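Below is one structure, written out as structure tokens; comments come after it.
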2 protein chains.
Amino acid sequence: MREERYINKIVQFYRERKRMPSYGEIMKLLGFASKSPAFKFVQKLIDQEILKKDRNGRLLPSRLFYSVRVLGAVEAGWPSPAEEELLDTMTLDEYLISNKEATFMLTVNGDSMKDAGIIAGDLVLVERADKAKDGDIVVAEVDSNWTMKYLRKRGKQVYLEPANSKYKKIFPKEDLKISAVVKAVIRKY
Amino acid sequence: MREERYINKIVQFYRERKRMPSYGEIMKLLGFASKSPAFKFVQKLIDQEILKKDRNGRLLPSRLFYSVRVLGAVEAGWPSPAEEELLDTMTLDEYLISNKEATFMLTVNGDSMKDAGIIAGDLVLVERADKAKDGDIVVAEVDSNWTMKYLRKRGKQVYLEPANSKYKKIFPKEDLKISAVVKAVIRKY
DNA sequence: ATTGAAGGAGAACGAACGTTCTCTTATAGT
DNA sequence: ACTATAAGAGAACGTTCGTTCTCCTTCAAT
């Protein structure tokens with residue numbers, strides 16, 4: 001379909017130039033000799049709510065422009081082309097990062113959180129915080145060592161628990177300073 | 001420092017409006033009454049290579065505008081404010097997705113890949129492919145069942161291996177159709 | 001007290017912008 | 001073949017854009 005090819009060209013422009021094209025640029029992109037077909041085409045997309053505009057008339061990138069298509073579960077297999085239209089899409093940054101200023105990434109060493117699915121080499125997205133809930137995975141300083149473990153609260157007793165039976169729970173002798181809470185784990189192959 | 005506050009305002013604008021501000025908008029953003037201070041300020045940032053411009057003179061978002069700061073390993077603890085400047089930054093989408101058209105996300109059921117750090121509820125980023133290397137984690141259709149396992153090639157023998165001793169290797173009776181290769185695993189808490 | 005540099009105000013420029021209009025051409029249905 | 005509709009060309013509009021220039025103020029160094 002022609003409409004799809006056109007949209008793809010615009011998406012491609014956005015990915016390369018990191019901004020939406022102007023009508024003049026869309027004109028060149030789609031091979032028109034004047035701006036009005038470009039304008040009409042964009043207007044159609046806006047009517048279909050595929051695109052939106054600024055209050056200044058500038059185009060806004062929609063989900064289409066950065067997102068990954070989300071399929072169902074592995075077991076469900078691959079969707080047919082007919083189903084494909086219904087797929088949700090999302091951008092990883094928006095999905096994973098709620099508070100950019102306080103978010104950092106750390107790399108993981110060791111296997112002490114293995115049973116929680118966190119293994120050496122993984123990246124963890126953490127958000128700075130000095131408090132955390134029971135059961136959260138936290139980055140903390142205990143007796144002047146840095147570590148990442150489950151936080152456990154049992155009444156007034158607070159301790160850290162690894163997710164690997166090879167390691168023991170850590171009961172802080174002096175103090176336990178939580179410095180971040182793990183919000184996400186990312187592993188790239 | 002004032003310069004930092006200014007940059008933050010611009011970053012904030014970009015995060016809200018999904019595009020870079022014009023000089024007029026920067027002027028309002030930073031509280032100037034004319035455009036030239038805004039122009040001079042931006043020029044300074046460009047000289048410092050903090051920002052860049054289009055060939056049309058438009059501002060381009062730099063890494064600053066979407067990225068997460070990357071710290072070292074967990075054990076290293078938190079960097080001091082002095083070190084903080086040296087931190088690398090990155091955007092997750094760019095880091096994880098190389099070929100947007102062929103990339104999809106799936107949700108994981110079951111614990112058959114547990115020892116590979118992939119557990120139920122995780123999101124896997126997969127890239128469509130009908131071939132894969134020995135040792136890759138693949139999404140495949142074996143004897144009309146969909147599954148995600150390690151791909152093993154031993155001479156002409158090709159089979160799937162779970163990452164959990166509770167499960168057995170899968171030797172395809174009829175055919176094994178690889179449909180995607182796992183590129184990344186994402187878990188959100 | 002004088003000077004120099006920097007920061008900001010304000011006006012001005014051509015270029016590019018979004019938008020709208022009319023006119024021509026191509027297309028599809030009958 | 002005729003007609004209604006859509007698609008595109010082209011010109012034109014007011015606005016906003018990036019950019020540059022001159023002038024005024026502020027403030028620190030001498």
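Every chain is numbered from 1 and lettered A, B, ... according to where its sequence line falls, protein lines coming before strand lines. As the structure is a prediction and not an experimental result, all values here were calculated from the model.
For A:Asn164 (side chain) and A:Lys166 (main-chain N/O), a donor-acceptor pair under 3.5 Å exists by modelled atom type. With hydrogens and angles ignored, the 3.5 Å screen pairs a side-chain donor or acceptor of A:Glu25 with a backbone N or O of A:Ser22.
The interatomic distance linking A:Tyr23 (OH) with D:dA9 (P) rounds to 17 Å, in whole Å. At whole-Å resolution of the value, CE in B:Met27 and P in D:dG18 are 12 Å apart. Taking atom CD1 of A:Ile26 as the reference point, atom C1' of C:dA16 lies 14 Å away to the nearest angstrom. Straight-line distance from the OH atom of A:Tyr6 to the C1' atom of D:dA7: 10 Å, rounded to whole Å. For B:Gln43 and C:dA6, the CD to P distance is 15 Å, given to the nearest whole Å. Rounded to whole Å, the distance from CD1 on A:Ile46 to P on C:dG18 is 11 Å. When rounded to the nearest whole Å, the span between CG of B:Leu45 and P of D:dG18 equals 15 Å. One can place CG of B:Asp54 at 15 Å from C1' of C:dA15, the figure rounded to the nearest angstrom.
Among residues at least two apart or in separate chains, side-chain hydrogen bond (donor to acceptor under 3.5 Å, both in side chains) pairs with a member in residues 112-121 of chain A are A:Ser112-A:Lys149.
Residue A:Arg58 places none of its side-chain N or O atoms closer than 4.0 Å to OP1 or OP2 of D:dT16. For D:dT19, the OP1/OP2 oxygens have a side-chain nitrogen or oxygen of B:Lys53 closer than 4.0 Å.
For the segment residues 29-42 of chain A, the set of residues with a heavy atom within less than 4.0 Å of an atom of DNA chain D comprises A:Phe32, A:Ala33, A:Ser34, A:Ser36, A:Pro37, A:Lys40, in numerical order.
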Let me have the donor-acceptor pairs involving side chains of residues 29-37 of chain B, under 3.5 Å, with sequence neighbours excluded, atom names and distances please.
none

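Atom NZ of A:Lys28 is surrounded by 12 or fewer heavy atoms from other residues, nucleotides or ligands within 6.0 Å.
Using cut-offs of 30° and 60° on the angle between ring planes, the pair A:Tyr6 and A:Phe41 is perpendicular.
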